[in-house]
**Student:** 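Pasting a structure below so you can have a look.
The shown structure was predicted, so the numbers you read here are calculated from the model rather than taken from an experiment.
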Amino acid sequence: THGVLRRGDVEQYDVTVDVKYERGGEPRRATVELDGGSYSETETVETRVAASVEFTGVPYGTYTLSSDPGVDEFGSVEREITIDEDLTTTIEFVEQSLRERLCSEFDEDMEEHLPAIDSQVSSTFDERGYVSTDMDLPVRSSYAPCLLAIWGEQSGHDIAELNGGVIVY
């Protein structure tokens, strides 16, 4: 039997979040946050491939469900969910290329900025055998890692992260 709700009472629900990585590997620590209005909770779980976290006593409402995979190779996930019953939802961390990770913070199409750096980057690459974000490039420094990754990918060269920067070789 259900109790009677009184004025001011808020229905509460249990939310289970199943966390999955696209590919297994070393144990990783995923962080899952449920945030909305007066309710905000964060849970962490360590797993190689899949695990679940529980949020209990979550009041009725719309929440932001966000999650951090704990490792760079996978993208974080964020979405809105409405909680009006006990529910189970799934978050899948999808593997991302280095280019996807480096360019994820930019909304615009970064490829349209390539012509601005192409000739300088190409000649520097031909001269030295590599280009990196440590070099003086004719673009905003915040764009450089993403643009070098695109340039390297389109030119068929290898790309790596090195000491907080990017190198194409």
Side-chain angles (χ1 to χ4, degrees), residues 15 17-37 40-53 55 62-82 88-169:
V15 178
V17 180
D18 293 332
V19 175
K20 289 192 230 171
Y21 289 86
E22 184 178 41
R23 179 178 52 79
E26 292 300 308
R28 309 163 251 230
R29 182 180 300 271
T31 303
V32 181
E33 181 181 24
L34 193 58
D35 186 25
S40 180
E41 290 292 325
T42 302
E43 297 288 338
T44 58
V45 62
E46 194 168 299
T47 181
R48 290 178 182 276
V49 181
S52 295
V53 295
F55 296 94
T62 300
Y63 293 83
T64 300
L65 177 65
S66 54
S67 55
D68 182 320
V71 288
D72 289 340
E73 295 89 340
F74 297 89
S76 56
V77 176
E78 183 173 302
R79 65 175 178 260
E80 295 284 311
I81 62 170
T82 298
T88 298
T89 188
T90 301
I91 287 176
E92 183 170 9
F93 294 121
V94 178
E95 199 161 7
Q96 288 188 311
S97 70
L98 184 55
R99 172 186 169 169
E100 288 170 326
R101 292 200 317 269
L102 294 170
C103 298
S104 66
E105 67 188 82
F106 303 110
D107 292 333
E108 71 234 58
D109 180 10
M110 292 301 284
E111 289 188 27
E112 67 189 41
H113 296 282
L114 271 185
I117 68 162
D118 189 43
S119 65
Q120 181 181 335
V121 170
S122 294
S123 61
T124 302
F125 188 90
D126 292 343
E127 191 179 299
R128 298 190 185 178
Y130 75 97
V131 285
S132 79
T133 49
D134 293 340
M135 297 174 173
D136 189 24
L137 299 167
V139 291
R140 247 192 288 178
S141 60
S142 60
Y143 286 5
C146 172
L147 287 172
L148 280 184
I150 294 170
W151 183 87
E153 196 174 79
Q154 291 184 352
S155 306
H157 301 297
D158 291 314
I159 309 158
E161 286 182 290
L162 184 68
N163 302 328
V166 173
I167 184 167
V168 179
Y169 57 98

**Student:** Got a second to check how far S122's OG is from E127's CD, nearest 0.5 Å?
**Tutor:**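 The OG atom of S122 sits 12.0 Å away from the CD atom of E127.
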
**Student:** Is there a side-chain contact between L114 and Q154, using heavy atoms and a 4.5 Å cut-off?
**Tutor:**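 Heavy-atom side-chain distance check passes, below 4.5 Å.
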
**Student:** Could you walk me through whether H157 and W151 pass side chain to side chain contact (heavy atoms under 4.5 Å, CB included), step by step?
**Tutor:** CA-CA 8 Å; H157 301 297; W151 183 87; 3.8 Å; yes

**Student:** Tell me, which pairs form a salt bridge (Lys or Arg N to Asp or Glu O under 4.0 Å) where one or both residues lie in residues 89-102, sequence neighbours left out?
**Tutor:**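 Those involving residues 89-102 are R23-E95, R99-E111, R99-E153, R101-E161.
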
**Student:** Determine whether E26 and V71 make a side-chain contact, defined as any pair of heavy atoms from C-beta on separated by less than 4.5 Å.
**Tutor:**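 SC-SC contact between E26 and V71 ruled out.
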
**Student:** Taking the inter-plane angle between the rings of Y21 and F74 on a 0 to 90° scale, is it parallel (under 30°), tilted (30 to 60°) or perpendicular (over 60°)?
**Tutor:**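 Perpendicular.
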
**Student:** Say you draw a straight line from CG of D72 to CG of L102; how long is it, rounded to the nearest 0.5 Å?
**Tutor:**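 Result: 9.5 Å between the selected atoms.
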
**Student:** Are a donor atom and an acceptor atom from the side chains of E78 and S67 found within less than 3.5 Å of each other?
**Tutor:**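 No pair is found: no donor N or O on one side chain lies under 3.5 Å from an acceptor on the other.
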
**Student:** Could you pull out the closest heavy-atom pair between V166 and P145, with the gap in Å?
**Tutor:**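 Nearest pair, atom of V166 first, then P145: CG2-CB, 3.7 Å.
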
**Student:** Provide the closest heavy-atom pair for C146 versus F106 in the form atom of the first, atom of the second, distance.
**Tutor:**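 The answer is CB-CE1, 3.8 Å.
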
**Student:** Do other residues, nucleotides or ligands put more than 12 heavy atoms under 6.0 Å from R128 CZ?
**Tutor:**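 Not buried by this count: 12 neighbours or fewer within 6.0 Å.
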
**Student:** Specify the closest pair of heavy atoms between L34 and Y63, including all atoms of both residues, with the distance to one decimal.
**Tutor:**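 What the structure gives for the nearest pair is CD1-CB, 3.6 Å.
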
**Student:** Any heavy-atom pair between the side chains of T124 and L137 that's under 4.5 Å?
**Tutor:**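 Counting from C-beta outward, L137 and T124 never come under 4.5 Å.
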
**Student:** Applying side-chain contact (heavy atoms from CB on, under 4.5 Å), can you list everything that pairs with S52, at least two apart in sequence or on another chain?
**Tutor:**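 Once residues adjacent in sequence are excluded, the partners of S52 under the side-chain contact (heavy atoms from CB on, under 4.5 Å) criterion are T16, D18.
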
**Student:** Kindly indicate whether the side chain of I159, heavy atoms from C-beta on, has any atom under 4.5 Å from the side chain of L148.
**Tutor:**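 No, their side chains stay 4.5 Å or more apart.
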
**Student:** Got a donor-acceptor contact below 3.5 angstrom from the S155 side chain to the G152 backbone?
**Tutor:**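 Absent.
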
**Student:** Tell me, please, which residues at least two apart from E41 pass salt bridge (Lys or Arg N to Asp or Glu O under 4.0 Å).
**Tutor:**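 Checked E41 against salt bridge (Lys or Arg N to Asp or Glu O under 4.0 Å); zero matches.
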
**Student:** Looking only at heavy atoms, what is the nearest atom pair of P69 and S76, with distance?
**Tutor:**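 It is CD-CA, 3.7 Å.
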
**Student:** So do K20 and V49 actually touch side chain to side chain, heavy atoms under 4.5 Å?
**Tutor:**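 They are not in side-chain contact.
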
**Student:** Take atom CG in D109; do more than 12 heavy atoms of anything else shown fall under 6.0 Å from it?
**Tutor:**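 Counting neighbours around CG of D109, more than 12 heavy atoms of other residues, nucleotides or ligands fall under 6.0 Å, so yes.
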
**Student:** About how many Å separate OG1 of T133 and CG of L147, when rounded to the nearest 0.5 Å?
**Tutor:**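 It is 11.5 Å, given to the nearest 0.5 Å.
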
**Student:** Given Q120 and V131, is the side chain to side chain contact (heavy atoms under 4.5 Å, CB included) satisfied, shown in steps?
**Tutor:** CA-CA 10 Å; Q120 181 181 335; V131 285; over 6 Å; no

**Student:** What is the distance from atom CZ of F55 to atom OG1 of T42, rounded to the nearest 0.5 Å?
**Tutor:**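 One gets 7.0 Å once the value is rounded to the nearest 0.5 Å.
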
**Student:** Mind checking the CD-OG1 spacing from E43 to T31? Nearest 0.5 Å is all I need.
**Tutor:**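 Atom-to-atom, E43:CD and T31:OG1 are 10.0 Å apart.
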
**Student:** Within the distance-only criterion (no hydrogens, no angle test), does the side chain of R28 pair as donor or acceptor with the backbone N or O of R48 below 3.5 angstrom?
**Tutor:**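 Side chain of R28 to backbone of R48: a pair is present.
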
**Student:** Look at the aromatic rings of H113 and Y143 and report parallel, tilted or perpendicular, splitting at 30° and 60°.
**Tutor:**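 Taking Y143 first and then H113, their aromatic rings sit tilted (interplane angle of 30° to 60°).
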
**Student:** To the closest 0.5 Å, what do you measure between CD1 (I117) and CD1 (I150)?
**Tutor:**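 If I round to the nearest 0.5 Å, the distance is 8.5 Å.
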
